[in-house]
Amino acid sequence: MCKGLAALPATCLKSAKDMKHRLGFLLQKSDSCDYSSSQSKKEKISSSQRLSQEEVRKWADSLENLIHHERGLAAFRAFLKSEYSEENIEFWVSCEDYKKTKSPAKLSPKARKIYDEFISVQATKEVNLDSCTREKTSHNVLEPTLSCFDEAQRKIFTLMEKDSYRRFLKSPYYLDLISPPGAGCGPENCKRNHTHTLDCNSNIISQCA
């Protein structure tokens, strides 16, 4: 022990040790509280992300209900991806985002990007539009407004509504979510809990969330 500490009375050394022990205990308690708080936040987030059967049933009422629900959109996108036709929903989402553009200066570059990606002859994700709608949209992009893709977006929405949406409602991507609580779900035969929330098939929904 150094001379300075040796010169201190025994009572002072004992008090210093007690203080060190208390500080150590308080630090450990603080870390424990932080961990508990973090776990609580994670549980709240997880709970808020669960789906009720009522929400999922509404997806069968209309395509609009489905794709205007964040989790429904993700499930439908995953289904279309399995059919190699996700360009339709991606185009629809891009149009929705485009209509929210507030700066006039951004309209032209955003319109051109959507056109090049989904509508032009060399589009990497070309959507199925009739020649008349394609030509009209091409003309609109020259002097873009917030509504320049409206007609094309409606055509693709109708196409999905009459075709892929109906198949989606008959697919495991939807049926595994809407089956009664306690029923088997997918290959893993997962079980839903007593509150009728839907944790099962979360991997499908989270693919594009």
- [ ] Provide the closest heavy-atom pair for A152 versus T137 in the form atom of the first, atom of the second, distance.
- [x] CB-OG1, 3.7 Å
- [ ] Give a yes-or-no answer on whether the side chains of S147 and D150 include a donor-acceptor pair shorter than 3.5 Å.
- [x] no
Task: Check: I119 and R134 side chains under 4.5 Å, non-hydrogen atoms - done: yes
- [ ] Calculate, to the nearest 0.5 Å, the distance between atoms OH and NZ belonging to Y165 and K162 respectively.
- [x] 14.5 Å
Open item on the list: Is any side-chain heavy atom of T145 closer than 4.5 Å to one of N140?
Closed with: no
Open item on the list: Measuring from atom CZ of R112 to atom NZ of K110, what distance do you get when rounded to the nearest 0.5 angstrom?
Closed with: 15.5 Å
TODO: List the atom of R57, the atom of I178, and the distance in Å for their closest heavy-atom pair.
DONE: CG-CD1, 3.2 Å
TODO: Determine whether E83 and R167 make a side-chain contact, defined as any pair of heavy atoms from C-beta on separated by less than 4.5 Å.
DONE: yes
- [ ] May I ask you to decide if the ring planes of W59 and Y174 are parallel, tilted or perpendicular, using 30° and 60° as cut-offs?
- [x] tilted
Task: Closest heavy-atom pair and its distance - V121, E126 - done: O-OE1, 4.0 Å
Open item on the list: Taking NZ in K136 as the centre, count heavy atoms belonging to other residues, nucleotides or ligands within less than 6.0 Å. Is the count above 12?
Closed with: no
Task: Contact summary for F149 and A111, nearest pair of heavy atoms - done: CZ-O, 3.4 Å
TODO: Rounded to the nearest 0.5 Å, what's the gap from CG on D130 to CG on L159? Could you check?
DONE: 11.0 Å
- [ ] Report yes or no: do L142 and Y115 belong to one cluster of Ile/Leu/Val/Met/Phe/Trp/Tyr joined by side chain heavy-atom distances under 4.5 Å?
- [x] no
Task: K155 vs V127 side-chain heavy atoms within contact, under 4.5 Å - done: no
Open item on the list: Run S85 and N88 through side-chain hydrogen bond (donor to acceptor under 3.5 Å, both in side chains) and show every step you take.
Closed with: CA-CA 6 Å; S85 60; N88 290 326; 4.9 Å; no
- [ ] Please list, chain by chain and in numerical order, all residues satisfying side chain to side chain contact (heavy atoms under 4.5 Å, CB included) with S131, sequence neighbours excluded.
- [x] none
Task: Minimum heavy-atom distance I89-M160, with the two atoms named - done: N-SD, 3.8 Å
- [ ] Mind checking salt bridge (charged side-chain N to carboxylate O under 4.0 Å, His left out) for K125 and listing every partner two or more places apart, or none if nothing turns up?
- [x] E90, E117
Task: Straight-line distance of E55 CD to L177 CG, nearest 0.5 Å - done: 11.0 Å
Open item on the list: I need the L63 CG to S164 OG distance, nearest 0.5 Å.
Closed with: 7.5 Å
- [ ] Kindly assign one of parallel, tilted or perpendicular to the pair F76 and F168, based on the angle between their ring planes and the thresholds 30° and 60°.
- [x] perpendicular
Open item on the list: Using the side-chain hydrogen bond (donor to acceptor under 3.5 Å, both in side chains) criterion, which residues pair with E96? Sequence neighbours excluded.
Closed with: K99, Q153
Task: Nearest heavy atoms of S82 and Y173, plus distance in Å - done: CB-OH, 3.4 Å
- [ ] With rounding to the nearest 0.5 Å, note down the distance linking OG1 in T133 to CD in E151.
- [x] 4.5 Å
